[in-house]
Amino acid sequence: MKDPLRERTEQMKLRNKPNPHSIAEGAAARPQEPTFGARSLEPSRRVVESSFASAEPLGRRALRSSANTRVVGPTPEGSARTSGFYPAHVVHPRLVHEEHRGNAKRPLRVMKFGGTSVGDASCIQRVVDIVRAVARESGVVVVVSAMSGVTNKLVEAATQSGAGNRDSIAAIFEELRQRHLTAAHLLMPAAEQRQPVVRKLEEHLQKGERLCLQTVLRGELTLAALDAISGLGERLSVPLVAAALAERGVPSEVIDATELVVTDSCHGAAEPFMDLTRERCEARLRPILEQGIVAVVTGFIGATVEGVPTTLGRNSSDYSGTIMGAALDADEVTLWTDVDGILTADPRLVPGACSILEMSYREASDLADLGAKVLHHKTLGALMQRGIPLAIRNTFAPDRPGTKITPTPSSNKVGVKALTSANDVALLTVRASSALGAPEVLRRTLATAAAVPAHVRLIPQSCFSPCEICIVVPKLVAEPTIEALRRDFAQAAEPESVTAVTLNSAIAMVTVVGEKMLGVGGLVERVLGALRSENLIVLASAQGSSQSSFSFVVPASDLKAALVTAHRELQLSAVS
Ligand code: ADP
Ligand code: ASP
Ligand code: MG
């Protein structure tokens, strides 16, 4: 699936030239981040911890590599890679916090925290509580997003630099500086602890400004520069999280994902090379985990084999979390966010949406593919092959169970599970005369869309005429797709076979998801009937493959009403 950020940047007509500055600043040249050690001998216990201390991995016994069953001895003085990173004043974690010590029997958990979960100092304190409790019994890799809104600001700074607006760049970086420094002051009141973090933040902020000014001088924003700039948000949040963990007695080490996640060079939607990524994670993370140190890794970013920074796509820290989980063959990956797991519908649109305890891989990936913001659409792909369970939990209500996603949940009922929707899409309709036949018109329509390239999200049937061929594509590529269709059909040997090609950008797509739900008779008719009785127009509809989804297209202005109506008709409030 194409990524919106990439599509947007393509629309901005940015030229994809290699960026020599980014290459120079690639992973290979990057100095090691500092390790934060524990300070307190008396870790305080909080109420929240009890709900994690007993939490078992989600029923999966990982087959561990032999490296993982090694019993870890004391770190040889000066020889272990991490021992040299502890500042002299920091007590070595092994002497400090016996319960955090790594050993072969400890399960391994990857915990990803989203932007709102690390939005300010008080949120980061919650993260520390959660990680600290889990780290008592498990090896932990923490994957961190940028603070909420920061990536948007960085993208804006990059765009402004492409337009030559120096003042806007300075203002944005000043705002980011204040936000991160405020968090650093609140999290580390003592200057001694705060200073190395402040230095690191300043280093990243100055680098961001430099990259923007280079773009101003170049007179254009390349995709490589956009990645290097937009990926700084995660680099700014990890030092805060790692240092906050250390403040509370949890030894931690910052690791930049450009050292771990090796990707192709598709800037804005890079894909990892999993074999190389696995090798790097084993080499870099395993020794840290074996020493009982929590690895704090940047989400969202990676780097090419040459070390050029890339991003995996907007909202993709979820994917970073599952890449890490798959690479290390973790026992469990948990995405910590701001809602109680996956809900029966987007809570911003359906007030009665409630959380779903269990889902299958298929249900969750259908939801993610078809628009649910709570899961990046590539998230499940990384885990499926290895059967690693995925949990979605609420950072702000960690005692609630959230959602567990496994290959085949034991208590998974057949039937509708949830609704999802997308409004960043457009409907293209090709009206065919009888001369060529609808199947051939459809074949040519799909070939033309593929050449654009436009990712066809849905091929629904028109609710108005069997002669109409419909496709749903991302809004950002709708214009070029309709131009290509008009051109191709006009040039075809039988131009009269298509009488009109039209575009409707004011639409939304709603999808009903549930394992084998279309086996439940009359379900589609019930939903369409309920919409009709509310006078809601359905423009087109489609059944997904393998009976597990059903989508329909409505005018964008009716999206909320359509979701609420379908949610009520399917009695989804009773699911949880
Ligand atoms: P994070 O920053 O933690 O990755 P996101 O903002 O990307 O979080 O995703 C969580 C948000 O997704 C929720 O706050 C909610 O508004 C939205 N959302 C949309 N659909 C759903 C759904 N079906 N279940 C839960 N949340 C959803
Ligand atoms: N910070 C990135 C974004 O806002 C990645 C993420 O948060 O998942 O897109
Ligand atoms: Mg997200």
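Numbers here are sequence positions counted from 1. First listed ligand is number 1; within each ligand, the first listed atom is number 1.
For atom 24 (N) of ligand 1, the closest non-hydrogen atom of the protein is Leu343 N, 2.9 Å. Distance from atom 13 (C) of ligand 1 to its nearest protein heavy atom, with residue and atom name: Asp338 OD1, 3.5 Å. Counting only heavy atoms of the protein, atom 17 (C) of ligand 1 lies nearest to Arg348 NH2, 3.8 Å. The single protein non-hydrogen atom nearest to atom 3 (C) of ligand 2 is Arg314 NE, 3.4 Å, given as residue, atom name and distance. Protein heavy atom closest to atom 26 (N) of ligand 1, with residue, atom name and distance, is Val374 CB, 3.4 Å.
A salt bridge is absent between Asp424 and Lys475: the closest approach of a Lys/Arg side-chain nitrogen to an acidic carboxylate oxygen does not fall below 4.0 angstrom. Using a 4.0 Å cut-off between charged side-chain N and carboxylate O, Glu259 and Arg280 make no salt bridge.
With 3.5 Å as the limit, one finds no donor-acceptor pair spanning the side chains of Asp369 and His377. Residues Ser573 and Gln571 bring no donor and acceptor atom of their side chains to less than 3.5 Å of each other. For the 3.5 Å distance criterion, the side chains of Asp340 and Ser355 fail to qualify, holding no donor opposite an acceptor. Side-chain contact check for Thr310 and Asp227: no donor-acceptor pair (N or O, by modelled atom type) lies under 3.5 Å. Side-chain contact check for Asp366 and Ser548: at least one donor-acceptor pair (N or O, by modelled atom type) lies under 3.5 Å. In this structure, a donor-acceptor pair under 3.5 Å is present between the side chains of Glu515 and Ser360.
Taking distance alone, with nitrogen or oxygen atoms compared against 3.5 Å, Gly115 approaches ligand 1 more closely than that limit.
Within ligand 2, the atoms closer than 4.0 Å to a non-hydrogen atom of Ser145 are 6 (C), 7 (O), 8 (O), numbered from 1 in the order shown. Contact atoms of ligand 2 toward Phe300: 2 (C), 5 (C) (distance under 4.0 Å to a heavy atom of the residue). Under a 4.0 Å criterion applied to the non-hydrogen atoms of Ala345, ligand 1 contributes the atoms 22 (C), 23 (N). Close contacts between ligand 2 and Thr151 involve ligand atoms 1 (N), 2 (C), 3 (C), 4 (O) [criterion: under 4.0 Å to a heavy atom]. Of all atoms in ligand 1, numbered sequentially from 1 with element shown, those under 4.0 Å from a heavy atom of Gly114 are 1 (P), 2 (O), 3 (O). When each atom of ligand 1 is checked for a heavy atom of Ile342 under 4.0 Å away, the hits are 24 (N).
Looking at Thr337, Asn315, Val118, Leu375 and measuring to atom 10 (C) of ligand 1, the nearest heavy atom belongs to Thr337. Counting heavy atoms only, Asp346 comes closest to atom 18 (N) of ligand 1 of the residues Asp346, Leu349, Ile392.
When the options Leu523, Val513, Val527 are evaluated for a side-chain contact (heavy atoms from CB on, under 4.5 Å) with Val416, the one that passes is Leu523. Partner Leu335 forms a side-chain contact (heavy atoms from CB on, under 4.5 Å) with one of Thr395, Ile405, Ile392 and no other, that one being Ile392.
Judged as a ring pair (Phe, Tyr, Trp, His ring centres under 6.0 Å), the pairs with a partner in residues 551-570 (not counting sequence neighbours) are, in order, Phe550-Phe552.
For Pro347, the heavy-atom gap to ligand 1 drops under 4.0 angstrom. Put simply, part of Glu234 is less than 4.0 Å from ligand 2, judged by heavy atoms. Within the 4.0 Å heavy-atom shell around ligand 1 one finds Gly341. Residue contacts with ligand 2 do not include Gly115, since none of its heavy atoms lies under 4.0 Å from the ligand. For Ala418, the heavy-atom gap to ligand 1 stays at 4.0 angstrom or more.
Distances from the Mg ion (ligand 3) show that Ser145 has no N/O/S atom below 2.8 Å.
Without hydrogens or angle criteria, Glu363 side chain to Gly514 main chain gives no donor-acceptor distance under 3.5 Å. Between the side chain of Arg179 and the backbone N or O of Gly119, at least one donor-acceptor pair lies under 3.5 Å.
Residue contacts with ligand 1, taken as heavy atom pairs separated by less than 4.0 Å, involve Lys112 solely via side-chain atoms from C-beta onward. Of all the heavy atoms of Ser317, the ones lying under 4.0 Å from any atom of ligand 2 are found in both the backbone and the side chain. Contacts of Lys373 with ligand 1, taken as heavy-atom pairs under 4.0 Å, involve both backbone and side chain. By the criterion of a heavy-atom distance under 4.0 Å, the side chain of Val339, and not its backbone, is placed next to ligand 1.
Residues Met359 and Ile356 are in side-chain contact: their nearest non-hydrogen atoms beyond the backbone lie under 4.5 Å apart.
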